[in-house]
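Presented below is the structure to which this report refers.
Proteins get letters first, then strands, A, B, ... in listed order; numbering begins at 1 in each. Values reported hereafter were calculated over all heavy atoms of this structure, with side chains retained and with hydrogens, waters and symmetry mates removed.
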Amino acid sequence: MALQVYNTLHRRKELFTPQHEGFVGIYVCGPTVYGHSHLGHAKSYVSFDVIVRFLRSLGYRVLYVQNITDVGHLTDDADQGEDKLARQARIDRIPPMQLAETYTRSYFEDMDTLNVLRPDIVPRASGHITEQISMVQTLIGKGMAYVANGSVYFDVGSFPAYGKLSGRTVEDLNAGARVEIKEEKKHPADFALWKRADAGHIMRWPSPWGEGFPGWHIECSAMSMKYLGEGFDIHGGGLENQFPHHECEIAQSEGATGKPFVRYWLHNNMVTVNGKKMGKSLGNFITLKDAFAKWDPQVVRFFILQSHYRSTLDFSDEALDGARAGYEKLANTLRNLREKIAIAPDGGEGTGVDLDRRTAEFRNAMDDDFNTPQAIAVLFDVARELNQAFASEKNYGRPSLEAIDRWYALHAGSVLGIMTGDARGAGSSGPLVGPLVELLIAIRSDIRLQKLWALSDKIRDGLARIGIGLEDKKAGTTWKNIS
RNA sequence: GGCGACGUACCCAAGUGGUAAGGGAGAGGUCUGCAAAACCUUUAUGCACCGGUUCGAAUCCGGUCGUCGCCUCCA
């Protein structure tokens, strides 16, 4: 089976074939940096992180571009309201670019914590004003855009395919009561490519049409094509950006180049919290920094991947608790595996786990539009078989055990980006912790030989209170970090 | 009003024509000084509801109810 992806453009799963053999160009809409990142960002960027990781595991050279929107756009209608970045900067009493820098750092800090690999190129909108102006000029030259009162609008009437991504028509838009009629626009569905800056507008750049700032959609077109070429393989983003953002990107990009823009459009679904949509404008969003105080970041990542990227994901304490328990089961298995490896003989028999079969199952799951929940189920299947083998108390050979360790490192670690930490689990330990715990275990073993259970339990309970869990097994006592 | 998605056990969640993955929680058991971990057994004759197509439907078609999203910045 080969990789199939759900292409929003055609509303079906399609065989994935890159434009240039062996190479994949992918662009994902990045965050607007005027606040801390939230759970929605986590779902989106973890999802695309796994997509990129999987493509790389298939042998593709992937160029992953993700923008940072540091030019503020407006708080409500395309023509009303205040620039979001400018507003927050005013509230915080700092320059807008300082605000953007602060939250760009915050964003990557959170993504690093979630084990999301950095994109290969992270272009800032403010650093690509020239490219955006140039593209607007091309569109004006082609008669697809017009200047009105210092602003430039895209004429949707000049692009008959407008609506092909979202399945809307210009007539639908007319019917909707929410499209603001703006005097200077020829048609209500026309969208801004460049906006005239009013006197108080801080972020402004000179342009052929006077001082202003770029429209919301133009940055993604200009930057994606600059780094990936005029037509490229994958464009990803949140489902809510399908319309109008991505629709407008297609119109202006294909209008400017006359070539197909993106071959596969991938959209991830939204996050809800206790059943309700989480959105910036609703004010009910949970920032990642708050989430990490409550749940282990690795568990958050695991939880996200336990549902499909095109399904909505509801965050609730009960669901996260379930995910944590499942995650710990895998972590325990891996820890047990490494303890066995440390004492395994060079020869010895195999575990009987059919890794070839499980590899194929994992690959098939991921080939089917990145079905991470099914792929994770395969991780559990291997864990169960391995634990069954361990339950029989045989002495398995090191090569057989190490093969399973490598299997997890590849499939769980490299592809899904989970189970990559210390097998002892979360928590930070200073350099003295290990030797000290080993010493306590040795002393406690003597105590246990004397059957002084009360004293023995006092040591175990005391260690548990400071985050060290002891497990007494036939082969001896082991320890792990607990939270 | 227009467009779209979804509704699978107590919870999370795969499965799009061949007889319900996986995880959590619960119950019972094995092991253990106890605990933990792990293993075994068990938990949906049924996949919102009602019709239809079919030898066969959670999966296809029609209808009903419900939930959510987009149409306005948002991942």
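- In the interface, the side chain of A:R384 is not paired with the base of B:C39 through any donor and acceptor atom under 3.5 Å apart.
- Ionic pairing of A:K186 and A:D155 is not present here: no N-O contact between side-chain nitrogen and carboxylate oxygen is shorter than 4.0 angstrom.
- Counting non-hydrogen atoms under 4.0 angstrom, A:V378 reaches nothing in the nucleic acid.
- The gap from the C1' atom of B:C12 to that of B:C50 amounts to 29 Å, rounded to the nearest Å.
- A salt bridge does not link A:E247 to A:K164: none of the charged side-chain nitrogens sits closer than 4.0 Å to a carboxylate oxygen.
- Taking only distance into account, the side chain of A:D457 meets the base of B:G33 through a donor-acceptor pair shorter than 3.5 Å.
- Taking the P atom of each, B:C61 and B:G24 are spaced 35 Å apart, rounded to whole Å.
- Ring centroid separation for the pair A:F303 and A:F315 comes in under the 6.0 Å cut-off.
- RNA chain B is contacted by no residue of residues 351-360 of chain A, taking any non-hydrogen atom closer than 4.0 Å.
- A:S456 comes within 4.0 angstrom of a nucleotide base, judged by non-hydrogen atoms across all strands.
- A salt bridge does not link A:D110 with A:R105: every distance from a Lys NZ or Arg NE/NH1/NH2 to an Asp or Glu carboxylate oxygen is 4.0 Å or more.
- Between the side chain of A:D321 and the base of B:C11, no donor-acceptor pair under 3.5 Å is found.
- At a cut-off of 3.5 angstrom, counting only N and O atoms as typed in the model, there is no donor on one side facing an acceptor on the other between the side-chain of A:R324 and the base of B:G24.
- With respect to A:R335 and A:E339, a salt bridge is recorded, a charged nitrogen being found less than 4.0 Å from a carboxylate O.
- Every residue two or more places apart in sequence or in another chain was checked for a side-chain hydrogen bond (donor to acceptor under 3.5 Å, both in side chains) with A:S307, and none qualifies.
- Using a 4.0 Å heavy-atom criterion, one finds that A:R310 contacts no nucleic acid atom at all.
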